[in-house]
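Before any comments, here is the structure.
Model, not experiment: these values are computed from the prediction. Every heavy atom of this structure was used, including side-chain atoms; hydrogens, water molecules and symmetry mates were not.
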Amino acid sequence: MSPCVQRRRRGRVNLGVLLGGLGIVAVLLAVLASGFGNDPRAVPSVLDSQPAPTFVLTDLDGQTWDLARLRGKPVVINFWSTWCGPCKAEHPLLQQAARRFPDVQFLGVIYADEPEACRRYLAQAGTTYDHLIDPDGRIAIEYGVAGVPETFFVDRQGVIVHKHTGPLSSQAALDWLGAITGSSE
């Protein structure tokens with residue numbers, strides 16, 4: 001082969017390899033693009049649109065709470081701990097929401113924490129709703145809690161409308177409270 005022919009072959013692009021490579025790149029870009037707009041922290045809940053697991057727990061004052069007896073009333077169940085920074089950050093928002101939506105029953109469920117530590121924290125930070133002790137973590141397991149804070153919005157029929165993972169924003173709280181109360185506040 002002459003040197004001129006060899007030079008021409010080296011400069012040529014193998015069209016099959018180029019198209020194959022572009023195809024692979026296109027598929028990878030499509031896979032990556034399909035994740036845009038999705039919250040990577042969102043953990044889908046198998047309990048959405050399912051009846052909320054019932055429980056009977058005692059609050060920090062010794063009063064017994066039976067979730068089944070709250071049927072007919074919208075309920076917000078927030079799993080939290082004193083050692084959780086995001087829980088403390090969302091606490092004022094939950095207090096404000098409990099004042100703004102008096103027809104909704106707000107319940108805090110203490111997650112992997114000591115009741116006395118919670119009493120001290122709430123004495124300092126204040127509270128506008130009751131906080132329940134889940135001594136062996138059984139209720140957290142039934143709700144599929146992976147970490148705190150996690151908040152469940154339960155409608156009047158006792159069905160979980162939404163599980164929110166992480167600290168609530170004001171807008172998310174308003175959206176989901178509107179969903180369980182039927183209001184568009």
Side-chain angles (χ1 to χ4, degrees), residues 39 41-43 45 47-48 52-135 137-185:
D39 183 354
R41 295 167 295 163
V43 178
S45 174
L47 293 178
D48 282 352
T54 60
F55 56 76
V56 176
L57 293 175
T58 304
D59 68 18
L60 289 170
D61 296 324
Q63 181 180 346
T64 300
W65 286 84
D66 183 346
L67 185 64
R69 291 193 175 175
L70 295 175
R71 185 77 33 97
K73 185 173 192 169
V75 179
V76 173
I77 304 168
N78 175 257
F79 288 84
W80 70 284
S81 297
T82 59
W83 46 260
C84 166
C87 297
K88 289 179 177 181
E90 83 173 353
H91 184 70
L93 180 128
L94 288 167
Q95 289 190 88
Q96 181 182 24
R99 282 190 296 270
R100 186 170 176 183
F101 291 87
D103 295 336
V104 175
Q105 179 64 60
F106 283 75
L107 295 172
V109 178
I110 300 165
Y111 177 84
D113 206 342
E114 293 299 320
E116 194 51 45
C118 297
R119 282 185 189 94
R120 283 191 305 270
Y121 171 74
L122 293 170
Q124 179 216 5
T127 190
T128 54
Y129 55 95
D130 293 288
H131 298 272
L132 313 179
I133 302 167
D134 184 12
R138 184 181 55 81
I139 302 308
I141 292 168
E142 286 185 30
Y143 275 78
V145 173
V148 286
E150 289 189 15
T151 307
F152 294 81
F153 294 85
V154 182
D155 69 14
R156 286 178 168 83
Q157 291 73 41
V159 173
I160 294 174
V161 173
H162 178 68
K163 170 188 175 181
H164 186 90
T165 302
L168 283 164
S169 67
S170 295
Q171 189 59 54
L174 285 175
D175 290 348
W176 293 110
L177 283 162
I180 64 173
T181 61
S183 72
S184 59
E185 232 181 281

Pairwise distance CG(Leu67) to CD(Gln105) - rounded to 0.5 angstrom: 9.5 Å
Within 6.0 Å of CD in Glu142, more than 12 heavy atoms from elsewhere: yes
Gap between atom CZ of Phe153 and atom CD1 of Ile180 - 0.5 Å precision: 6.5 Å
Closest non-hydrogen atom pair, Leu168 against Ala173: CD2-N, 4.3 Å
For Tyr129 against Ala98, the heavy-atom pair lying closest together: CD2-CB, 4.0 Å
Hey, would you say the His164 and Phe152 ring centroids sit under 6.0 Å apart? no
Here the gap from Ile139 atom CD1 to Leu107 atom CG, rounded to the nearest 0.5 Å, amounts to 12.0 Å
Heavy atoms of Ala172 and Ser169 approach each other most closely as N-OG, 3.1 Å
I need the Thr128 OG1 to Arg99 CZ distance, nearest 0.5 Å. 5.5 Å
Under 30°, 30 to 60°, or over 60°: which ring-plane class applies to Trp80 and His131, parallel, tilted or perpendicular? perpendicular
Sole residue of Ile133, Thr58, Leu132, Asp59 in side chain to side chain contact (heavy atoms under 4.5 Å, CB included) with Pro115: Ile133
Are any of the side-chain heavy atoms of Pro74 and Val161 separated by less than 4.5 Å? no
Is the side chain of Ser81 donor-acceptor paired with the backbone N or O of Tyr111 at a distance under 3.5 Å, no angle test? yes
Nearest non-hydrogen partners of Ile110 and Leu60, listed with the distance: CD1-CD2, 3.8 Å
Least distance between heavy atoms, Pro149 atom then Pro86 atom: CD-CB, 3.8 Å
Can you list the steps and then say if Lys163 with Tyr143 is a side chain to side chain contact (heavy atoms under 4.5 Å, CB included)? CA-CA 9 Å; Lys163 170 188 175 181; Tyr143 275 78; over 6 Å; no
So, do Phe79 and Cys87 sit near enough that their side-chain heavy atoms are less than 4.5 Å apart? no
Kindly say whether Thr165 contributes a backbone atom to a donor-acceptor pair with the side chain of Glu150 at under 3.5 angstrom? no
Shortest non-hydrogen pair, Leu177 vs Thr181, comes out as O-OG1, 2.8 Å
Strictly distance-based, threshold 3.5 Å: is any side-chain N or O of Asp113 a donor or acceptor partner for the main-chain N or O of Ala117? no
Count the heavy atoms belonging to other residues, nucleotides or ligands that lie under 6.0 Å from CZ of Arg69, then report whether that count exceeds 12. no
Would you say the side chain of Phe101 lies within less than 4.5 Å of the side chain of Val76, judging by non-hydrogen atoms? no
For His91 and Tyr121, take the angle between the two ring planes, folded into 0 to 90°, and tell me which bin it lands in: parallel under 30, tilted 30 to 60, perpendicular over 60. perpendicular
Spatial distance of atom CG (Leu70) from atom CH2 (Trp65) [nearest 0.5 Å]: 6.5 Å
Working for side chain to side chain contact (heavy atoms under 4.5 Å, CB included), residues Leu57 and Thr64: CA-CA 6 Å; Leu57 293 175; Thr64 300; over 6 Å; no
Would you say the side-chain atoms of Asn78 and Glu90 include a donor-acceptor pair closer than 3.5 Å? yes
Taking atom CD of Gln96 and atom CZ of Arg100, what is their separation to the nearest 0.5 Å? 7.0 Å
